[in-house]
Amino acid sequence: MQQVYGAMLGGALLGCAAGLVLLANGRVAGVSGMVSCTLRPRAVDSSWQITFLLGLVAGGGLLAWIYPAALPVDVVAPIQRMVGAGLLVGFGARLSGGCTSGHGLCGVGRLSGRGAVATLTFMTAGALTVWILRHLLGAL
Amino acid sequence: MSYAKHLIAFIAGTMFAIGLGVSRLLLPPTIHGFLDVTGQWDPTVAFVMGAGCATYFCFDLLARRRRRPLLAEKFTLPKPQPIDGRLIVGATLFGIGWGWAGVCPGPAITGALWNKPILSFAIAVFVGVAIFELGKSRFAASPRQSGGRVTSESAARTAPAESAR
């Protein structure tokens, strides 16, 4: 039960953070879109999106201080897997125009049909991947 | 150059990271547990998404009542676009990577400094995004135009889909 409250509190914080970006800066808070902003830093207009990413890193530092158990310090995974998965995630997010934050949180929160379809699609693909890797191949 | 926008972005980013931490979304086992629907299913991600979307929905209602955001001249939000092949293929590739590593971009950047595999994932995300940006015209120029509305779709491809609300 405690984990459910933690999940809902965390979700509310995510919603507030993304909502703040919407109300103040007038944009959807999509992390993969912000990553693409770092690749064209000339756009002064959206340079604050890079600052959001720095905020994420700073938040990681704050967690190390107040709630270190939340950090993925002891993740053990082959580097090839992490690099391959990261490439798929980065490329796929830009091709579909968003990731878990842009489509999942903001898209569904704004009742966007595209956001909902993308979210259902990546959840289905993710579930199939885990099923194949964990139950079929015994990896993961 | 608006310092206020940067300040808000920094606060929001930090808050976002804390939210990810509190809901245990920084830990790959939480993601794998959620996606493992035939095994020991962990519904945590569903609660996070439910509470997050409901909260964001309230902010969106507030935003819809405003002519302009607090710090910008106009709302720059994705306008409705048809559901096309790029959306489905992109989300599928994203989902495969998400399920494979148990990490997505926000948690990767938040946790990057604390774990080497997470750092390598985060760097690969930047590279994946860069590959897309470099080949953008090629991916966008695919002749697949199911669903019609060619003009709005191709316009949205050359310029990022944006509209004032």
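Sequence lines set the chain letters: A, B, ... in the order given, protein chains first and strands last, and positions in each chain run from 1.
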Leading residue by heavy atom contact count with chain A [cutoff under 4.5 Å; candidates B/Gly128, B/Ala130, B/Ala101]: B/Gly128
Sort A/Ala69 into side chain, backbone, both or neither according to what part of it lies under 4.5 angstrom from a heavy atom of chain B. backbone
So which of A/Met8, A/His135, A/Gln3, A/Arg81 has the biggest tally of heavy-atom pairs under 4.5 Å with chain B? A/Arg81
Got a second to check how far B/Phe75's CZ is from A/Asn25's CG, nearest 0.5 Å? 10.5 Å
Are any of the side-chain heavy atoms of A/Thr100 and B/Phe94 separated by less than 4.5 Å? yes
Just give me the residue among B/Leu7, B/Thr55, B/Leu35 that pairs up with chain A most often, heavy atom to heavy atom, under 4.5 Å. B/Leu35
Is there a side-chain contact between B/Ile109 and A/Val35 (heavy atoms, below 4.5 Å)? yes
Side chain, backbone, both or neither: which part of B/Val37 has a heavy atom under 4.5 Å from chain A? side chain
Is B/Leu134 linked to B/Val125 within one hydrophobic cluster, defined over Ile, Leu, Val, Met, Phe, Trp and Tyr using a side-chain heavy-atom separation of less than 4.5 Å? no
Under a 4.5 Å side-chain heavy-atom rule over Ile, Leu, Val, Met, Phe, Trp and Tyr, are B/Phe34 and A/Leu120 clustered together? no
Selection from A/Leu54, A/Leu9, A/Leu133, A/Val4 maximising heavy-atom pairs under 4.5 Å formed with chain B: A/Val4
Co-membership, hydrophobic cluster, residues A/Val130 and A/Met123, 4.5 Å side-chain: yes
So which residue, B/Thr92, B/Leu27, B/Asp36, B/Ile8, ends up with the most heavy-atom pairs under 4.5 Å with chain A? B/Asp36
I need the residue from A/Cys99, A/Ala29, A/Ala77, A/Ala58 with the largest number of non-hydrogen atom pairs under 4.5 Å to chain B. A/Cys99
Could you measure the distance from the CG atom of A/Leu20 to the CZ atom of B/Phe59? Nearest 0.5 Å is fine. 6.5 Å
Contact class of A/Ile66 relative to chain B, heavy atoms under 4.5 angstrom: side chain
Would you mind checking which part of B/Ile123 comes under 4.5 Å of any heavy atom in chain A, side chain (CB onward), backbone (N, CA, C, O), both or neither? neither
Using a cut-off of under 4.5 Å on heavy-atom pairs, state which of B/Ala4, B/Cys104, B/Pro107, B/Gly99 scores highest against chain A. B/Gly99
Output, in order, the C-alpha distance, side-chain angles, deciding distance and verdict of side chain to side chain contact (heavy atoms under 4.5 Å, CB included) for B/Phe16 and A/Val21. CA-CA 11 Å; B/Phe16 202 90; A/Val21 169; over 6 Å; no
Do you know which two heavy atoms are closest between B/Leu87 and A/Ala118, and how far apart they sit? CD1-CB, 4.0 Å
Tightest non-hydrogen contact, residues B/Ser120 and A/Ile79, listed as OG-CD1, 3.6 Å
Hydrophobic cluster identity match, B/Ile118 and A/Val73, side-chain contacts under 4.5 Å: yes
With chain B, the option among A/Gly98, A/Cys16, A/Gly102, A/Ser32 that has the most non-hydrogen atom pairs under 4.5 Å is A/Cys16
Using non-hydrogen atoms only, which part of A/Thr51 is less than 4.5 Å away from chain B: side chain, backbone, both, or neither? both
So B/Ile18 and A/Tyr67, side chain to side chain contact (heavy atoms under 4.5 Å, CB included) or not? Walk me through it. CA-CA 9 Å; B/Ile18 302 293; A/Tyr67 186 21; over 6 Å; no
OG of A/Ser47 to NZ of B/Lys5: how many Å apart, nearest 0.5 Å? 8.0 Å
Note, A/Met34 side chain near B/Val129 side chain (heavy atom, < 4.5 Å): no
Between B/Thr38, B/Ile131, B/Leu61, B/Val127, which has the largest tally of heavy atom pairs under 4.5 Å with chain A? B/Thr38
Pairwise distance CG(A/Asp74) to CH2(B/Trp114) - rounded to 0.5 angstrom: 13.5 Å
Taking all heavy atoms of B/Glu133 and all of A/Ser36, pick out the closest pair and write down the distance. OE2-CB, 3.4 Å
Contacting moiety of A/Ser112, where chain B heavy atoms sit under 4.5 Å: neither
Per-residue contact mode, B/Ile88 against chain A (heavy atom under 4.5 angstrom): both
In terms of heavy-atom pairs under 4.5 Å with chain B, the winner among A/Leu105, A/Val57, A/Thr124 is A/Leu105
Checking A/Arg134 against chain B: side chain, backbone, both or neither under 4.5 Å from a heavy atom? side chain
Heavy-atom distance under 4.5 Å to chain A: side chain of B/Ala112, backbone, both or neither? neither
Approximate separation, where rounding is to 0.5 Å, of B/Leu70 CG and A/Leu23 CG: 6.0 Å
Shortest non-hydrogen separation from A/Ala17 to B/Met15 and the atoms involved: N-SD, 3.6 Å
Who among B/Pro29, B/Ala54, B/Gly106, B/Gly111 has the most heavy-atom pairs with chain A under 4.5 Å? B/Gly106
Can you confirm whether A/Met82 sits close enough to B/Val103 that some side-chain heavy atom of one is under 4.5 Å from a side-chain heavy atom of the other? yes
Are the side chains of B/Pro78 and A/Arg110 in contact, using a 4.5 Å heavy-atom criterion? yes
Evaluation steps, side chain to side chain contact (heavy atoms under 4.5 Å, CB included), between B/Met49 and A/Thr119: CA-CA 11 Å; B/Met49 292 284 283; A/Thr119 304; 4.1 Å; yes
Can you tell me how far the OG1 atom of B/Thr110 sits from the CG atom of A/Leu56, to the nearest 0.5 Å? 4.0 Å
Tell me whether A/Ile132 shares a hydrophobic cluster with A/Leu88, the cluster being built from Ile, Leu, Val, Met, Phe, Trp, Tyr side chains joined at under 4.5 Å. yes
Over all atoms of both residues, closest heavy-atom pair of A/Gly84 and B/Trp100: C-CZ3, 3.6 Å
Top residue by heavy-atom pair count (under 4.5 Å) with chain B, among A/Leu14, A/Val31, A/Val117? A/Leu14
Given 3.5 Å as the limit, does a donor-acceptor pair link the side chain of B/Arg24 with the main chain of A/Ala70, or not? no
Show your working on side chain to side chain contact (heavy atoms under 4.5 Å, CB included) between A/Trp48 and B/Ser2 and close with a plain yes or no. CA-CA 8 Å; A/Trp48 59 265; B/Ser2 158; over 6 Å; no
Mind listing the closest non-hydrogen atom pair of A/Leu22 and B/Pro69 along with its distance? O-CB, 4.0 Å
Given side chains that start at C-beta, do those of A/Leu63 and B/Leu26 come closer than 4.5 Å, heavy atoms only? yes
